[in-house]
Amino acid sequence: MPPSTQTAPKATNKVGLRVPTTALETVLVILSRYREASIAVVAIILAIYFQLASNGAFLSSQELSVVLRDTGRFGLIAVAEVMLMITGEIDLSVGSTFSLAPYVMVLLSLTWAFPIAVSALAGILLGLLIGLVNGVITVSFRVPSLITTVGTFFLLQGVVVSIYNSQPVVAPVQEPFNEVFGENLYGPADSVWSLHGLTAFTPFLWTVLVVVVMAVVLNRTTFGLHTIATGSNIVGAREIGVRTGRIKVYNFMIAGAFAAGAGIINTTQFASADPLAGGPFLTLQAIAAAVIGGTSLLGGSGTIIGALIGAFVVATLNNGLVMIGAQATVSDIYLGTAIIVAMILNVQVDRLRARRRL
Amino acid sequence: MRQNDIAAISPNAPVILEMSHISKTFGAVTALVDVSIRLRKGEVLALVGDNGAGKSTLIKILSGFHRPDTGAIVYQGKQVHFGSPREARAVGIETVYQDLALINDLSVYHNMFVGREYHKHVLGFKLLDNKKMRGLARTYLDTLGIEVPSVSSTVDLLSGGQRQSVAVARSIYSSPTILVLDEPLAALGVREGAHVLGLIQNLRQQRSVSIILIVHNYNQVFEVCDRINFLHSGEIVLDASTAETSEEELIRIVKSGLGRQAV
C-alpha cells in the first residue's frame, strides 16, 4: 500500500488518541508510513560499509553484477511470497520448484529436442501447476499452507533427486535464449554499456520488470485489492463478495510460476540444472527478503518494492561479508539477526499503528 | 413519538420477498425451524429475538452466505437460489453484517467499492480508477451527511459510528431493492446511533428500498419499523405491525419465551 499522506483524525488531542511524543515514537511513525524508504536506507548503509571495507571493490560493475544476480534470484521469489503473505499464507515449497522446473526443462530439451524456450515455458507451466496443487490443498482441504508446502517441498525435492540420482545435467545452450536470461557473466574487460555487459545483469533486470508489474498489480488492480482484502479480513471480504479461495489459489500459482522462472534463469546462467540448486535455504532466504523488506506474516499488508530491497540486503550480506574476508557462514549470523530485528519492527509498528491510530 | 410522522405502509404494497418454511441445521445444532417471513416494497421489518434465536442465520441465508436445508425464497415473484453473497448482491439484496465486513487495511473509498470497482484502461490494461472511486465516495458520503476524516484514510482510523455509517453507505450506494442490517446500532454511542437511525428513517420515508432490520433495543424498533417478527429458538412466535403491538407485549414474550398465543 502506498503510504497514507492523509492527516490523522483531527482530534489528536482528545482522550485516547496520542500524538507521538518521544523521539522513538516519532521514528516508528515515520517507519510505518515509509517502510520501503527505511529499508532502502539500511541497504544504502550496507552498500557504503562494504564499499569502504573492501577498498572500493564492492560497487565495481563486476562484483555488483554478482550481487544483483543474487538479488534477482531472491527478489523474484520474495515478490511472490509477499503476495502470498498478504493473503495470510506462505509457500515453503518454492525451493524445490526452483530445482524441479529447470530440471524438467533441460530433460525435455535433451530427450525430445524441444527448443529450450518451449521447454522453459513447460517449466513455468509446471510451476503454475505446483502452485495450483498447493492452493487447492490449502483452500479446499483447509490444511494450513505452512504444512501443505512443507509436504510439497519434500515431495518435489524427492522427485527431482530421484530422476537421475541427484546428478546435475548439462543444459543445452541456444541463443538468444541463454543470452537474454543471464548466460553472460561480467568480465573485467566489459563495459556496462556494451551488450555483453548489459546482459550480465539480465537476471536482475527481469526481476526489476516483474517487481514493477507486480507493484502495479497489487496497488492498482482489482486482483491486488482483493488480495489485500482476503488477508486483512477474510470473513468480511467473503461477505462482500470477494472470492477469497480463488484469490489465494491464484497467488499460490504466481509463487509456483515465479519460483520456476527464477530456477530457469539460474540454470541458464550456469548452463547446468542442479537438483540441489534450490532447497530449503533458498526458500528461507526469499522469505527473509520479504520480511526484511517490511512485509509481516499477519496478512493484509506488504510491499513489493520492499521485497526487492530486502533481496538486495540479503544478497549484499551474503556476498559482502565474503568479500571483506569473513567466513561464508558468518553472514548467516547477520542475516538471522536482520530477520529478527525486521520482524520485531514490523509487528511493533503494526501494533503501534493500531493502538495509536497513527 | 411512535411512528413519527411517516405514513403507515399501504396494505396494497406488493410483496417483494417471501421466505417460506426455511429450516437450517448446523451439525447437531438446529438454527431455524420452518421459518417464514414476508417483506413488502418499502417496508421496514424488524427481526427481534434473543441471542441465538436464529436471526443472523436467517439473514445469512437471504444474503447467500448460507444455504437453507429446506424452504424456498421467492424474490420479486421468482424463486431464487443464492449460491454466494455475490449472487444475492447482483440482484439487489445488500447486507450489512454485524462485523461490518470492512477491510481495515483499505481506504474508505476502496471499501465502498470492493467487489464493484470502477476501472480505466491504460495501455490495454484494466486498472482501478481510484480517482473516480475517491470522488464518488466523497460526494456520496457528503450527500448522506457522513463525516470521515478523509475518504483516503484506512477504515481502521475511523470511530465505531463512522465505520457503521460507511458500511451502511456502501450497501445503499447501489440502490438495492432489499437492504438487510444486522444490529446496525450495536456498539454505537447514543449520538452515533441516532445518526445511523436517521439514515434508516430517511430511507424509510422514501419507501424505495425494503429493509430488514435486526435490533435488540425495542424502543428503537418502534421508532423506525413498520412490522415486527419475533424469533424464538429458531421459530417465529410473533408477526405484527408496530401499531398492533407494544413494547410491553414484546417484553412479555421475551420473558415467557413462548409466543403470542401463550401470553
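Throughout, a chain's letter reflects where its sequence line sits, starting with A, and its residues are numbered from 1. Quick caveat, the model's predicted, so the values are computed rather than measured.
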Fill in: Spatial distance of atom NZ (Lys120(B)) from atom CZ (Arg220(A)) [nearest 0.5 Å]
7.5 Å
Response to the item:
Output for pair (Leu225(A) CG, Asn130(B) CG), nearest 0.5 Å, gives 8.0 Å
Item to complete: Not counting sequence neighbours, list each pair that qualifies as a ring pair (Phe, Tyr, Trp, His ring centres under 6.0 Å) and has a residue in residues 58-88 of chain B.
Response: Phe26(B)-His66(B)
Worksheet item: So with a 6.0 Å cut-off around CD of Gln76(B), is the heavy-atom count from everything else above 12?
Response: yes
Hey, can you pull the donor-acceptor pairs under 3.5 Å for the side chains in residues 131-146 of chain A, sequence neighbours left out?
{"unit_1": "Asn134(A)", "atom_1": "OD1", "unit_2": "Thr152(A)", "atom_2": "OG1", "d": "2.8"}
{"unit_1": "Asn134(A)", "atom_1": "ND2", "unit_2": "Ser93(A)", "atom_2": "OG", "d": "3.0"}
{"unit_1": "Thr138(A)", "atom_1": "OG1", "unit_2": "Asn134(A)", "atom_2": "O", "d": "2.8"}
{"unit_1": "Thr138(A)", "atom_1": "OG1", "unit_2": "Thr148(A)", "atom_2": "OG1", "d": "3.2"}
{"unit_1": "Ser140(A)", "atom_1": "OG", "unit_2": "Val136(A)", "atom_2": "O", "d": "3.4"}
{"unit_1": "Ser145(A)", "atom_1": "OG", "unit_2": "Glu89(A)", "atom_2": "OE1", "d": "2.5"}
{"unit_1": "Ser145(A)", "atom_1": "OG", "unit_2": "Ile90(A)", "atom_2": "N", "d": "3.1"}
{"unit_1": "Ser145(A)", "atom_1": "OG", "unit_2": "Ile90(A)", "atom_2": "O", "d": "3.4"}

Worksheet item: With respect to chain A, which residue among Val114(B), Asn111(B), Asp129(B) yields the maximal number of heavy-atom pairs within a distance under 4.5 Å?
Response: Val114(B)
Worksheet item: What residue in Gly64(B), Ser84(B), Ala88(B), Pro85(B) has the most heavy-atom pairs under 4.5 Å with chain A?
Response: Pro85(B)
Worksheet item: Which of residues 232-248 of chain A get closer than 4.5 angstrom to chain B, counting heavy atoms alone?
Response: Ser232(A), Asn233(A), Val235(A), Gly236(A), Ala237(A), Arg238(A), Glu239(A), Ile240(A), Gly241(A), Val242(A), Arg243(A)
Worksheet, complete the sentence: Between Asp105(B) and Ser301(A) the two heavy atoms that sit nearest each other are OD1-CB, 4.2 Å
Worksheet item: Of all the residues in residues 167-179 of chain B, which have a heavy atom that comes within less than 4.5 Å of a heavy atom in chain A?
Response: Arg170(B)
Worksheet item: Under the criterion side-chain contact (heavy atoms from CB on, under 4.5 Å), which of Thr221(A), Val217(A), Asn219(A) is the partner of Leu127(B)?
Response: Thr221(A)
